[in-house]
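Structure, as structure tokens:
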Amino acid sequence: MIHYLLFFIFAAFAVAGAINLLAQKHPIASALSLIVVMGSLAGEYMLLGAEFVAAIQVIVYAGAIMVLFVFTIMLLNAGEEEHSRGSKVAMILGVPAMIAGLVMGAWVLVARDPANTPVGVGAMYGSAHDIAEQLFRRFLLPFEITSVLILIAIMGAVVLARKEER
Amino acid sequence: MNLSTFIILSVIKIVIALAVLLTVVAYTVWFERKLVGHIQNRWGPSRVGPFGLLQPLADGLKFIFKEDITPPHVNKLLYLLAPLLSLSLALTAIAVIPIGGWVRVAGISTPLQITDVNIGLLIILGITSIAVYGVALAGWSSNSKYSLLGSLRAASQMVSYEVALGLSLIGVLMFAGSFSLRDIVNSQAGTWWGWLPKWNLFKGQFVAFFIYICAAYAETNRVPFDLPEAETELVAGYHTEYSSMKFAMFFMAEYANMVTVACLASLLFLGGWNGPLFGPPGLQYFLPVFWFSLRVFFFLFLYVWVRGTLPRFRYDQLMGFTWKVLLPLALANIMITSLVVALRS
């Protein structure tokens, strides 16, 4: 019972944060809304029993990445933005595409699991041990390829940031 | 244990933990002023009560009665949110810190800890990574040059040192095989040859210990890493525009963080509450808590000692130190430790 209550509280926070992110004019306010969204998602992971993922969500996304966002906004001292009137392309293509995507996603979920069995609270894989088993045994190759990809990205960033010495 | 007992027990534990933590915070301030006074060949607080022991109380009253000024050009919501965020996160971290074994009171046995979660260490890392916002927002919302520069320094410093801090803990985690602080302490129980305790420090983690201490000092913005509040350049850094209780909240947050860091250092590297047990059963309940407090006191003493001894870094030295010295050291420590763990198993 209390789990359902908590689920809806976190979900409400996530949705409200996401809407606020779009509605706010100031970059800092938007960035803070995004932190609220990420924090609420961490709460939802925690409810599913994915404690490790929840902690990493907070440490990496809500912590490190968003701090850099906020840091950049502060450093550039970005002022208030103005609401644009919205582009026509977004209205004509974007909104129908979004609705189509939502319908397809819902359809796939229903088609794969017609009985619509809800996932039990705490039933997911989530301990650090389970994740390590998956990551370092079953998905070792994709994991290593991803790490090489990130290494390349880091090197690219270094090359871009380095001052040219002539 | 049914739900109502659980809730009552939790509330009692939370109240006790908060009361103890806030008292320790108040007297750490007194202790620091006294000790720094003696290091600098003066007396420190000596007028209010015997040995100045009532000084924290007097300071607290002063903070409450001081005029609370909100400068006109601040972003009011965030200006108010920042000290609240700092203090509440600093106090939250204590929830997962165990201070002793299990006790049995009135037929209910409970750990000496508010809650024993199996990702305890990650929760503390998460809290420290969120705590950056308190400092960053304080500086930005104050709308003042000094505050902004202070908080920019603080944010980059805390993010950079968090990397080294997190990596320095991996060796300890490999020995314990768990994120639970209780398991980590239990993995350090016992002695070699009857006298050398099996602390992680003596298992070869002294490099990690050094990295942890440096990074933790930087995370808590303490000397020699207190660039964010360097008074010679930035007045008071990110809390320049704060007064009265709002300033006191930053102050309390800093000292609460110091206590958490001291607790964590004792739990991770110095064997937590492990120590010789003797005497009647009542004393045996009390002794682990005493051994733990002794270690925490040692780290708080170290904090003040370092403050009384070392000058401040220059900013580029500070950033270079973590990325060029601490980070490679931490990575090397991880590789060597994992090799040792792999060869032993």
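Below, read A as the first sequence line, B as the second, and so on, with proteins coming before strands; counting in each chain starts at 1.
Contacts of Leu78(B) with chain A are made by side-chain atoms alone, with heavy-atom separations under 4.5 Å and no backbone atom involved. For Val67(A), the parts lying near chain B are the backbone and the side chain together; criterion is any non-hydrogen pair under 4.5 Å. Only the side chain of Ile119(B) comes within contact range of chain A, with heavy atoms under 4.5 Å apart.
Shown here is Phe175(B), whose CZ atom has more than 12 heavy atoms of other residues, nucleotides or ligands within 6.0 Å.
Highest contact tally toward chain A, considering only Ile130(B), Leu152(B), Val132(B), Leu122(B), is held by Leu152(B) [criterion: heavy-atom pairs under 4.5 Å]. Annotation: maximal heavy-atom pairing with chain B below 4.5 Å, among Ala54(A), Ala62(A), Ala55(A), Ala64(A), occurs at Ala62(A).
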Donor-acceptor pairs under 3.5 Å, chain A to chain B, main chain and side chains both?
residue, atom, partner, partner atom, Å
Ala62(A), O, Tyr133(B), OH, 2.4
Gly63(A), O, Tyr133(B), OH, 3.4
Val67(A), N, Tyr133(B), OH, 3.2

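Within residues 92-100 of chain A, no residue has any heavy atom closer than 4.5 Å to a heavy atom of chain B.
Proximity of Leu137(B) to Leu32(A): side-chain heavy atoms (C-beta onward) are separated by under 4.5 Å at one or more points.
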